[in-house]
Number of protein chains: 2
Amino acid sequence: MEIPKPIQKQVQKKGGIRAIADLVEDKDIAHQSRVYHALSEPLRLKILNLLSIQPLCVCLIKEIVKTSDSKLSYHLNILKESGLIEGKQQGNWIIYYVTKLGRKYRI
Amino acid sequence: MEIPKPIQKQVQKKGGIRAIADLVEDKDIAHQSRVYHALSEPLRLKILNLLSIQPLCVCLIKEIVKTSDSKLSYHLNILKESGLIEGKQQGNWIIYYVTKLGRKYRI
DNA sequence: CAACTATTTCAACTTATTTTGAAACGCTAA
DNA sequence: TTAGCGTTTCAAAATAAGTTGAAATAGTTG
């Protein structure tokens with residue numbers, strides 16, 4: 001395999017291909033890509049942004065985004081699992097709100 | 001549909017459910033979720049981070065991430081389409097590098 | 001132009017994610 | 001305890017995304 005000269009030179013300056021590769025940790029990549037996956041669905045990203053404006057019960061989220069109960073529950077769960085939102089039961093309702101992590105990804 | 005009292009009060013204070021909904025623009029959501037989708041795949045996120053350390057030809061990326069040509073090309077294309085990286089032909093090779101947008105998402 | 005190297009494209013296939021609707025669960029109040 | 005409302009769960013079906021390997025393209029060099 002050949003390599004363009006200028007790139008080869010720059011790579012050597014940085015300690016070679018292995019040194020560069022080692023700067024990117026697979027564990028960090030795996031963790032962060034999971035967060036991005038949760039954010040990659042328009043409905044979920046919208047919900048996250050709504051909740052960053054105002055904590056809401058499922059019924060109000062549903063009214064805003066106009067979707068089915070089970071679909072909404074599915075997406076809320078993914079946001080919750082990835083640590084972007086949390087829900088607390090309050091009588092008959094569950095109020096969802098963004099976590100500290102979630103606030104980082106407000107558009 | 002009933003709504004928990006404290007939430008209802010907070011929502012009213014912010015101008016009602018419609019006002020809150022209108023703060024989140026579907027166009028922004030659609031655009032941003034596309035970027036997150038590109039970042040949600042571990043291999044892609046790894047490549048983005050590698051390129052943020054050092055612009056590389058496809059052959060060197062391939063050597064680092066140990067994957068097939070066509071698979072790599074597929075993922076590079078998704079990163080490119082979402083504006084996170086760009087490639088410029090240089091003789092026989094294509095050198096990929098992160099864009100300004102891409103640099104924002106370095107881990 | 002022919003041979004060569006690096007990279008991309010394509011269609012068939014596999015795998016992962018999302019949607020659906022019905023049923024179940026949990027809390028509250030009668 | 002039963003009824004009612006808000007929410008979740010489940011499995012089946014639908015859709016989207018990723019993988020594969022062979023063939024094609026594009027640039028370079030002799």
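Just so it is clear: chains get the letters A, B, ... in the order the sequence lines come, proteins before strands, and each one is counted from 1.
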Enquirer: Is A:Tyr96 close enough to D:dG6 that one of its side-chain N or O atoms is under 4.0 Å from OP1 or OP2 there?
Expert: no
Enquirer: Hey, does the side chain of B:Gln89 reach the backbone of B:Gly91 with a donor-acceptor pair shorter than 3.5 angstrom?
Expert: yes
Enquirer: Under 4.0 Å, heavy atoms only, any strand: does B:Ile78 hit a base, just the sugar-phosphate, or nothing?
Expert: sugar-phosphate
Enquirer: Starting from the 5' end of DNA chain D, give me the residue, A:Asn92 or A:Asn77, whose nearest nucleotide shows up first.
Expert: A:Asn92
Enquirer: Any side-chain N or O of B:Tyr74 under 4.0 Å from OP1/OP2 of C:dT7?
Expert: no
Enquirer: Mind checking whether A:Tyr36 and B:Tyr105 have parallel, tilted or perpendicular rings, split at 30° and 60°?
Expert: perpendicular
Enquirer: Test side chain to side chain contact (heavy atoms under 4.5 Å, CB included) on A:Tyr96 and A:Lys80 and set out the steps.
Expert: CA-CA 9 Å; A:Tyr96 280 99; A:Lys80 196 167 65 179; 4.0 Å; yes
Enquirer: For A:Trp93 and C:dC27, give me the distance from atom CH2 to atom P, rounded to whole Å.
Expert: 14 Å
Enquirer: Is there a donor and acceptor pair closer than 3.5 Å between the side chain of A:Asp69 and the base of D:dG6?
Expert: no
Enquirer: Check every atom of D:dT20, C:dT18, C:dT7 against the side chain of B:Lys71 and return the nucleotide holding the closest atom.
Expert: D:dT20
Enquirer: May I ask you to decide if B:Leu84's main-chain N or O and B:Thr99's side chain share a donor-acceptor pair within less than 3.5 Å?
Expert: yes
Enquirer: Could you say whether A:Ser68 or A:His37 is positioned toward the 5' end of DNA chain C, judged by the nucleotide with the nearest heavy atom to each?
Expert: A:His37
